[in-house]
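All heavy atoms count here, side chains included; hydrogens, waters and symmetry mates do not.
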Number of protein chains: 2
Amino acid sequence: MLDKATAIVDCFRPDGGAFRLTELAARSGLTKTTAFRLCGDLVRLGWLERQGDVYRLGGKLFELGSLVPRRHDLRETALPFLQDLFEATHETVHLGVREGHEVVYIERIHGHDAVRLPSRIGGRLPLTCTGVGKALLAFSGPELTEEVLAAPLPSLTPHSITDPDRLRTAVEQAQVSGLAYEEQEAALGVSCIAAPVFDGSVAVAALSVAVPRGRFQPAQLAPAVRTAALGLSRALRSRA
Amino acid sequence: MLDKATAIVDCFRPDGGAFRLTELAARSGLTKTTAFRLCGDLVRLGWLERQGDVYRLGGKLFELGSLVPRRHDLRETALPFLQDLFEATHETVHLGVREGHEVVYIERIHGHDAVRLPSRIGGRLPLTCTGVGKALLAFSGPELTEEVLAAPLPSLTPHSITDPDRLRTAVEQAQVSGLAYEEQEAALGVSCIAAPVFDGSVAVAALSVAVPRGRFQPAQLAPAVRTAALGLSRALRSRA
DNA sequence: AAAATATGTTCCGTGACACGGAACAGCGAC
DNA sequence: GTCGCTGTTCCGTGTCACGGAACATATTTT
C-alpha cells in the first residue's frame with residue numbers, strides 16, 4: 001500500500017506536471033480503482049492536490065521537502081556565499097551534492113537573463129555531464145572514479161564526454177587545479193566552471209557558475225568561484 | 001495505513017530534526033511495533049533516512065518538494081526580482097503566499113549577516129504577525145479580513161498586534177499605500193516592509209525585506225520593494 | 001553483581017480493510 | 001444513435017497490516 005502510494009507520487013518525477021486519474025493509473029501500473037481510492041486518500045492527507053480532474057503534487061510536500069536536514073542546513077550556510085558569487089558574476093549559480101553517480105542540485109540562483117539549463121533544484125543529472133558533477137567526482141576518492149568510468153558514460157548533448165580516457169584526464173586536471181570545467185556537455189551553448197566544497201577532507205558539495213558560451217571567460221570567473229567555495233568550506237568546518 | 005505513515009512523517013514538522021523510533025511512536029500515537037515496520041518501509045521507499053538509531057526526512061522529499069508546481073513556478077519567475085531586491089538592499093528578502101490564515105514562505109534569501117527570524121522556506125507564520133502576511137491580508141478581499149479579525153489574534157512577540165482595531169487600521173493603511181509594515185511583531189529587533197504581488201487583480205504572493213531595527217529606513221526601502229513587486233506582478237501576468 | 005529500565009527487533013494469530021473486477025454515470029466524438 | 005472515453009461506486013474475496021507478547025542488547029539503578 002505504501003509502495004502503491006509511492007508509485008503514484010513518483011509519477012510526478014522529474015517534471016512535476018499535472019496528470020489525470022487514468023494517466024496516473026497507467027504510469028504507476030495500478031488499477032484505475034486502486035489509483036482512484038489512493039489519490040483520494042493522498043489528497044485528503046495533503047500529498048496531492050486536485051483541481052477538476054487533474055492531480056498535482058501538494059503543498060505538504062513542499063513544506064516537508066524544505067525541512068530535509070542535510071539539504072536545508074547546507075543550503076542555509078551556503079546561501080550567503082552563493083549570493084556573493086552571483087553578485088560578482090551575475091550569472092547562474094549552482095550548488096549541488098552527490099548522490100550515487102548523479103548530482104542533486106540543492107540551490108540554483110539566477111537573474112533575469114537566465115541560461116537554459118536542464119538543472120533544477122531537486123533535479124538530478126549525471127556526474128559526468130556537469131561542472132558540479134565533475135568537481136564532486138574529482139574529490140570523492142578514486143574508487144568512485146573507477147566505478148563511473150567502468151559504466152558507459154551518459155550524454156546530454158553531442159559535447160558530453162563519452163570517452164573514458166578524456167574523462168579521466170578531465171578529472172585529473174580538476175584534481176590539480178581545484179576547478180572543474182564543462183563546455184556544452186549538459187546543454188548546448190552553456191559553459192560552466194565549478195569548484196568543490198569541503199567539510200574537512202571530503203567533498204560534500206560543489207558550486208558552479210554557468211555562463212552562455214559567448215561570454216564565458218574562465219580566467220575572470222575562476223577566482224570568484226574558488227573564493228566562494230573556500231569560504232563555504234570554512235563556514236562548514238566552523239559549523240561542525 | 002497511509003494515515004499512519006503520514007502521522008510519522010508529520011512528526012518532523014515544523015523543525016525537521018532527528019528522532020528515535022520510540023519518540024516517533026509516541027509523537028505519532030502509534031504502537032512501537034507499527035512505527036517500526038512503517039519506518040522500515042518509509043526508509044526503503046526513500047521518504048525517511050536512517051542513521052544508526054535516528055530517523056530523518058529523506059532525500060526523496062526534497063526532490064519531490066522542489067517539484068510542487070505552484071511553488072516552483074512562482075519561485076522561478078520571482079527569483080530574478082528577489083535578487084534585484086537583495087542586491088539593492090543587502091537585507092533578508094522574503095517571498096510568501098497565503099494558505100488559510102497563515103503565510104507560507106516560498107523563498108528567503110539573505111547574506112552573511114542574516115537577521116534572526118522565525119521564517120523558513122516552507123514554514124508557516126500567522127498572517128497578522130508578518131509584513132508579508134499583512135500585505136496578503138490587505139489584498140485578499142474583505143471577507144478574509146473579517147474572518148481573521150473575528151478570531152483571536154495570535155502573537156509571536158510582545159509587539160505582535162492583538163487588538164483588532166489596530167490591525168484593521170494597519171490593513172487599511174496597507175491598502176491605500178500598497179505597502180505593509182511590521183515592527184518586531186514576528187521577532188524582536190527586526191522590522192519589515194512588504195508589498196503585494198498580483199496576478200491580474202488578486203494578490204497571489206507578497207515579498208518583503210526584513211531589517212534589523214537599528215538600520216531600518218523605510219523611506220529608502222519602499223521604492224525598491226515596490227519596484228520588485230510591480231516587476232514580478234508584470235512578469236506573472238505575461239506568463240499567464 | 002544483579003536487577004531494573006530503557007532501547008530496537010522478531011514472531012504470530014486475528015481481523016480489518018485494501019484490492020480489483022464488474023457495473024454505473026456522464027461526456028464528447030464521429 | 002452508438003461507441004469510446006472519462007471518473008465513480010459497489011461488493012465479495014483474500015491479504016496483509018496490526019499490536020500484544022517475547023526477545024536481544026545496552027545503560028542505569030540498586
Side-chain angles (χ1 to χ4, degrees), chain A residues 1-62 64 67-71 73 240, chain B residues 1-62 64 67-71 73 240:
Chain A
M1 158 122 211
L2 270 186
D3 302 67
K4 311 203 182 197
T6 303
I8 287 188
V9 176
D10 276 339
C11 293
F12 293 90
R13 279 198 296 191
D15 40 298
F19 299 107
R20 316 193 48 145
L21 178 62
T22 308
E23 192 167 2
L24 276 179
R27 289 190 176 226
S28 58
L30 301 175
T31 313
K32 204 166 54 160
T33 307
T34 305
F36 173 68
R37 187 168 10 87
L38 237 42
C39 284
D41 289 343
L42 289 170
V43 168
R44 177 175 50 85
L45 294 167
W47 299 104
L48 294 183
E49 286 173 5
R50 178 174 181 168
Q51 293 171 355
D53 277 345
V54 302
Y55 295 89
R56 303 173 202 274
L57 295 176
K60 181 200 279 283
L61 274 168
F62 176 79
L64 284 169
L67 291 174
V68 177
R70 307 200 172 189
R71 309 298 155 83
D73 301 346
Chain B
M1 156 118 211
L2 271 186
D3 302 67
K4 310 201 183 199
T6 303
I8 287 189
V9 175
D10 277 339
C11 293
F12 293 90
R13 279 197 297 190
D15 39 299
F19 299 107
R20 316 193 46 144
L21 177 63
T22 308
E23 193 167 2
L24 276 179
R27 288 189 176 228
S28 59
L30 301 176
T31 314
K32 204 165 55 162
T33 307
T34 303
F36 173 69
R37 186 168 12 87
L38 237 43
C39 284
D41 289 344
L42 289 171
V43 167
R44 177 175 51 85
L45 295 169
W47 299 105
L48 295 183
E49 286 173 4
R50 178 174 180 170
Q51 294 171 354
D53 278 345
V54 302
Y55 296 88
R56 302 172 202 277
L57 295 176
K60 181 199 280 283
L61 274 167
F62 176 79
L64 285 170
L67 292 174
V68 177
R70 309 201 169 187
R71 309 299 156 84
D73 301 346

A:F12 vs A:L24, side-chain contact (heavy atoms from CB on, under 4.5 Å): CA-CA, chis, key distance, verdict
CA-CA 9 Å; A:F12 293 90; A:L24 276 179; 4.0 Å; yes
Could you give me the CA-CA distance, side-chain angles and deciding distance for B:M1 and A:L2, then say whether side-chain contact (heavy atoms from CB on, under 4.5 Å) is met?
CA-CA 8 Å; B:M1 156 118 211; A:L2 270 186; 3.5 Å; yes
From CA spacing to verdict: side-chain contact (heavy atoms from CB on, under 4.5 Å), B:R44, A:D3:
CA-CA 10 Å; B:R44 177 175 51 85; A:D3 302 67; 2.8 Å; yes
Quick one: do B:W47 and A:T6 satisfy side-chain contact (heavy atoms from CB on, under 4.5 Å)? Show the steps, please.
CA-CA 9 Å; B:W47 299 105; A:T6 303; 3.1 Å; yes
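Contact check for B:R50 versus B:D53: side-chain heavy atoms found under the 4.5 Å cut-off.
Remark: B:F36 engages B:L21 in a side-chain contact (heavy atoms from CB on, under 4.5 Å) (not counting sequence neighbours).
Taking both residues in full, the closest heavy atoms of B:L38 and B:A5 are given as CD2-N, 3.7 Å, listed atom of the first, atom of the second, then distance. Residues A:L57 and B:L64 come closest through the heavy atom pair CD1-O, 3.7 Å.
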Pull out every protein N or O sitting under 3.5 Å from an N or O of nucleotides 15-21 of chain D, one pair per line with the distance.
unit_1: D:dC18; atom_1: OP2; unit_2: B:R37; atom_2: NH1; d: 2.8
unit_1: D:dG19; atom_1: OP2; unit_2: B:T31; atom_2: OG1; d: 3.3
unit_1: D:dG19; atom_1: OP2; unit_2: B:T34; atom_2: OG1; d: 2.3
unit_1: D:dG19; atom_1: O5'; unit_2: B:T31; atom_2: OG1; d: 3.2
unit_1: D:dG20; atom_1: O6; unit_2: B:T33; atom_2: OG1; d: 3.4

So which protein nitrogen or oxygen atoms get under 3.5 Å of nucleotides 22-27 of chain D's nitrogens or oxygens?
none

List the atom pairs, with distances to 0.1 Å, where a side-chain N or O of residues 13-20 of chain B and a protein N or O form a donor-acceptor pair under 3.5 Å, not counting sequence neighbours.
unit_1: B:R13; atom_1: NH1; unit_2: A:E63; atom_2: OE1; d: 3.0
unit_1: B:R13; atom_1: NH2; unit_2: B:D10; atom_2: OD1; d: 3.2

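What separates CZ of B:F36 from P of C:dG8 is a distance of 10 Å, to the nearest Å.
Axis angle between the ends of the helix from C:dA1-D:dT30 to C:dC30-D:dG1, five pairs each and rounded to 10 degrees, works out to 20°.
Within residues 19-28 of chain A, no residue is approached by DNA chain C to less than 4.0 Å at the level of any non-hydrogen atom.
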